[in-house]
Amino acid sequence: MEYLEASVGITSKKKIMVPKLMQWHMKDFADDMESLIEWMYSQLPSSCSLKKSMMDCLDAGEKKSLSLAKMIEVQPYASEFRYLLPL
């Protein structure tokens, strides 16, 4: 959950940024990219702002009749990881 919160993002153009690491290991969680997005969404707590942003992005894509595949962008692999610590 922490990894998803720290590495998945939403761009201003309403694209869901998926880390390359998740794409590499996608078959451990889902059959395709669309079901991977659904799995990531289901793993986030309801109080998470990322979950709300993902839903807003998906709703906007439905209104524009965009396929989910066009709304996903894979980020290049980065070996760094940042922890999100509560303040």
Side-chain angles (χ1 to χ4, degrees):
M1 181 173 44
E2 290 174 353
Y3 176 76
L4 292 175
E5 288 183 69
S7 59
V8 174
I10 308 294
T11 67
S12 60
K13 296 180 181 178
K14 298 293 183 187
K15 288 197 172 223
I16 300 172
M17 301 294 291
V18 177
K20 186 72 171 176
L21 191 60
M22 289 297 297
Q23 184 188 34
W24 284 339
H25 296 284
M26 178 175 59
K27 294 298 179 188
D28 294 335
F29 309 104
D31 295 327
D32 56 22
M33 212 41 148
E34 291 181 8
S35 54
L36 178 64
I37 296 297
E38 290 173 12
W39 178 84
M40 289 190 300
Y41 181 83
S42 71
Q43 298 304 306
L44 296 169
S46 57
S47 61
C48 178
S49 62
L50 177 60
K51 189 168 191 166
K52 183 184 179 327
S53 296
M54 284 179 78
M55 182 52 73
D56 293 344
C57 182
L58 295 171
D59 288 343
E62 283 181 14
K63 288 178 184 173
K64 293 180 182 177
S65 299
L66 292 175
S67 69
L68 186 55
K70 291 183 179 182
M71 297 171 55
I72 299 171
E73 191 170 316
V74 178
Q75 299 173 352
Y77 177 72
S79 59
E80 298 132 13
F81 177 74
R82 61 178 190 221
Y83 281 100
L84 299 176
L85 302 173
L87 298 176

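Scope of the values below: all heavy atoms of this structure, side chains included, with no hydrogens, waters or symmetry mates.
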Any side-chain heavy-atom pair of Val18 and Met33 under 4.5 Å: yes
Leu50-Met1 co-clustered via ILVMFWY side chain contacts under 4.5 Å: no
At what distance, to the nearest 0.5 angstrom, does [atom1] of [X] lie from [atom2] of [Y]?
X	Y	atom1	atom2	result
Leu4	Trp39	CG	CH2	5.5 Å
Tyr3	Leu21	OH	CG	4.0 Å
Lys51	Ser42	NZ	OG	7.0 Å
Lys64	Lys70	NZ	NZ	12.5 Å
Glu34	Met71	CD	CE	10.0 Å

Any donor-acceptor N/O pair, Lys15 side chain to Glu73 backbone, under 3.5 Å: no
Check: Ser53/Asp56 side-chain N/O donor and acceptor closer than 3.5 Å: no
Single hit among Met22, Glu38, Met40 for side chain to side chain contact (heavy atoms under 4.5 Å, CB included) with Phe29: Met22
Passing candidate, side chain to side chain contact (heavy atoms under 4.5 Å, CB included) with Cys57, options Ile37, Ile16, Thr11: Ile16
Pair Lys14-Leu66, side chain to side chain contact (heavy atoms under 4.5 Å, CB included): steps then yes or no: CA-CA 11 Å; Lys14 298 293 183 187; Leu66 292 175; over 6 Å; no
Shortest non-hydrogen contact between Leu36 and Ala30, atoms and distance: N-CB, 3.3 Å
More than 12 heavy atoms of other groups within 6.0 Å of Met17 CE: yes
